[in-house]
*Asks:* 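Sending over a structure as structure tokens; questions will come in a sec.
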Amino acid sequence: MRKKIVAGNWKMNKNLQEGVALATELNQVLTAEKPNCKVIICTPFIHLAPVSNIIDHSIIELGAENCADKASGAFTGEVSAEMVKSTGAEYVILGHSERREYYNETPEILKEKVDLALANGLKVIFCIGESLAQREANEQNAVVKAELEGSVFHLSAEAFSNIVIAYEPIWAIGTGKTATSDQAEEIHAYIRSIIAEKYGNDVAENTSILYGGSCKASNAPELFSKKDIDGGLIGGASLKTADFKGIIDAWK
Ligand code: PEP
């Protein structure tokens, strides 16, 4: 059975003290009332090691928001997958639309990052999703297919079992506009069907596909009730314990 997941993406928010305080509070709340799903928090690099030391990894897993496309060496300012792993993190987000758009991360670069993350024992939350113009031109299926083919469909079925997919329509990220649950389910089912074409039904049925884009406590139950939506990747609403917990509780 595939896993139900609620993952937070803090993005470039919270200084070190604020991030540690948020993780400490979330850890206390979820230790007192165990979640009914896997919970992951993905933080800026500076938070990884201290947060790793204070969370109970059997309740909250930890991820980075990025890693380098090179293994090591003279790449000033970069942080490698091996470094991320050495903090105690278990996951890394790759392919986020903000990285693709603002930092020119191409499918080829992302493929290198995916390979390095997996080679260093990290699991990958791989983001895909179309822009508003692509949705209006009804190109969303072609876009997500090309994104998967460009960066993760070269993997063996065994390696692919370490990939979580996050479908994030760019027009819904941070905009307050959410895809309707039917719109999201339609494309999640399509994504699962192309995973099945590539790797077979068993792999497709075991792949968690998360929805991301203005997900909050009020719309999470409806979204998560859909057959092919296995949880959420949460930006803004992961920055306050009560908001994030409200989404986690959608699985209760
Ligand atoms: C995201 O950027 O991954 C995201 C889903 O953001 P938000 O929840 O703020 O729309």
Side-chain angles (χ1 to χ4, degrees), residues 4-14 18-19 22 26 37-45 47-48 60-67 89 91-105 110 113-114 117 123-132 134-135 140 143-144 147-148 151-152 163-181 183-185 187-188 191 208-224 226 228-251:
K4 303 165 189 163
I5 300 175
V6 174
N9 172 14
W10 290 4
K11 309 196 184 188
M12 197 172 73
N13 292 296
K14 307 281 177 195
E18 290 165 347
L22 175 59
L26 186 67
C37 62
K38 185 193 272 286
V39 174
I40 306 166
I41 50 175
C42 299
T43 77
F45 293 129
H47 299 89
L48 291 173
I60 303 175
E61 291 187 79
L62 181 63
E65 300 172 14
N66 184 25
C67 69
Y91 283 85
V92 60
I93 296 175
L94 294 174
H96 195 282
S97 58
E98 289 154 14
R99 302 278 336 160
R100 292 180 193 262
E101 185 178 345
Y102 307 142
Y103 301 97
N104 305 317
E105 294 197 359
L110 291 169
K113 293 188 178 201
V114 166
K123 295 190 175 107
V124 173
I125 300 175
F126 190 74
C127 303
I128 56 178
E130 79 286 355
S131 66
L132 185 58
Q134 290 165 331
R135 163 78 50 175
Q140 62 274 15
V143 169
V144 297
E147 288 177 335
L148 292 170
S151 308
V152 292
I163 306 284
V164 171
I165 302 294
Y167 167 67
E168 300 205 306
I170 298 168
W171 47 272
I173 296 179
T175 57
K177 280 189 203 158
T178 322
T180 65
S181 57
Q183 266 176 331
E185 169 58 21
I187 191 154
H188 278 232
I191 292 163
S208 296
I209 307 177
L210 313 184
Y211 169 79
S214 299
C215 185
K216 39 191 183 288
S218 56
N219 57 27
E222 167 71 18
L223 285 160
F224 296 178
K226 297 291 178 183
D228 290 293
I229 302 182
D230 305 311
L233 179 58
I234 317 298
S238 70
L239 296 172
K240 287 196 184 132
T241 300
D243 295 347
F244 196 48
K245 169 82 167 31
I247 298 172
I248 293 165
D249 285 348
W251 283 120

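Just follow the structure's listing: the first ligand is 1, and inside any ligand the first atom is 1.
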*Asks:* When you measure from the heavy atoms of Ala172 to every atom of ligand 1, does any distance fall below 4.0 Å?
*Replies:*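 Yes.
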*Asks:* Have a look at Val124 and tell me which of Leu94, Leu110, Ile165, Val164 forms a side chain to side chain contact (heavy atoms under 4.5 Å, CB included) with it.
*Replies:*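 The option that passes is Leu94.
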*Asks:* Below the 3.5 angstrom mark, is there an N/O of Gly235, backbone or side chain, next to an N/O of ligand 1?
*Replies:*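 N/O-N/O distance under 3.5 Å: yes.
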*Asks:* To the nearest 0.5 Å, tell me how far Ser97 OG sits from Ile173 CD1.
*Replies:*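 Between Ser97 OG and Ile173 CD1, I get 3.5 Å after rounding to 0.5 Å.
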*Asks:* Measure up the Trp10 and His47 rings against each other and bin them: parallel (under 30°), tilted (30 to 60°), perpendicular (over 60°).
*Replies:*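 Rings of Trp10 and His47: perpendicular, over 60°.
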*Asks:* Quick one: side chain to side chain contact (heavy atoms under 4.5 Å, CB included) partners of Lys38, sequence neighbours excluded?
*Replies:*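 Counting only residues at least two positions away or on another chain, Lys38 forms a side chain to side chain contact (heavy atoms under 4.5 Å, CB included) with Lys3, Ile5, Ile40, Glu61, Tyr91.
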*Asks:* Are side-chain heavy atoms of Lys113 and Asn66 found at a separation under 4.5 Å?
*Replies:*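 The answer is yes; the side chains approach within 4.5 Å.
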*Asks:* Relative to the heavy atoms of Gly236, which atoms of ligand 1 are at a distance of less than 4.0 Å?
*Replies:*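 Counting from 1, the qualifying ligand atoms are 7 (P), 8 (O), 9 (O).
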*Asks:* What do you reckon, does Lys11 put a non-hydrogen atom under 4.0 Å from ligand 1?
*Replies:*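 Yes, Lys11 has heavy atoms under 4.0 Å from ligand 1.
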*Asks:* Within the 4.0 Å heavy-atom shell around Gly174, which atoms of ligand 1 are there?
*Replies:*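 Taking each heavy atom of Gly174 in turn, ligand 1 has 7 (P), 9 (O), 10 (O) under 4.0 Å.
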*Asks:* Provide the number and element of each atom of ligand 1 under 4.0 Å from a heavy atom of Leu233.
*Replies:*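 Numbered from 1, ligand 1 contributes 3 (O), 5 (C).
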*Asks:* Quick one: does Ala237 get within less than 4.0 Å of ligand 1, heavy atoms only?
*Replies:*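 Ala237 does not count as a contact of ligand 1 under the 4.0 Å cut-off.
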*Asks:* Set out, in order, the CA-CA distance, both residues' side-chain angles and the distance that settles side-chain contact (heavy atoms from CB on, under 4.5 Å) for Glu130 and Trp171, then state yes or no.
*Replies:* CA-CA 8 Å; Glu130 79 286 355; Trp171 47 272; 2.9 Å; yes
*Asks:* So, is Gly212 polar-close to ligand 1, with some N/O to N/O distance under 3.5 Å?
*Replies:*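 Checking ligand 1 against Gly212, no N or O pair falls under 3.5 Å apart.
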*Asks:* At less than 4.0 angstrom from any non-hydrogen atom of Ser214, what atoms of ligand 1 do you find?
*Replies:*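 What qualifies from ligand 1 is 7 (P), 8 (O), 10 (O).
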*Asks:* Find all atoms of ligand 1 within a distance of less than 4.0 Å from any non-hydrogen atom belonging to His96, and give their numbers and elements.
*Replies:*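 Counting atoms of ligand 1 from 1, those under 4.0 Å from His96 are 1 (C), 2 (O), 3 (O).
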*Asks:* Would you name the heavy atoms of Gly174 and Ser214 that are closest together and state the gap between them?
*Replies:*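 For Gly174 and Ser214, the tightest heavy-atom pair comes out as N-OG, 3.8 Å.
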*Asks:* Quick check: Glu168 and ligand 1, any N/O pair under 3.5 Å apart?
*Replies:*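 Indeed, backbone or side chain, Glu168 has an N or O that close.
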*Asks:* Please give me the minimum heavy-atom distance between Asn13 and Pro44, naming the atom from each residue.
*Replies:*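 Here Asn13 and Pro44 meet closest at O-CG, 4.0 Å.
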*Asks:* Which ligand 1 atoms does Asn9 reach within 4.0 Å, using its non-hydrogen atoms?
*Replies:*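 The list of qualifying atoms is 2 (O), 3 (O).
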*Asks:* Which word best sums up how the rings of Tyr211 and Tyr167 line up, parallel for under 30°, tilted for 30 to 60°, or perpendicular for over 60°?
*Replies:*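 Tilted, since the angle between the ring planes falls between 30° and 60°.
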*Asks:* Enumerate the atoms of ligand 1 whose separation from the nearest heavy atom of Gly213 is less than 4.0 angstrom.
*Replies:*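 In order of numbering, the contacting atoms are 5 (C), 10 (O).
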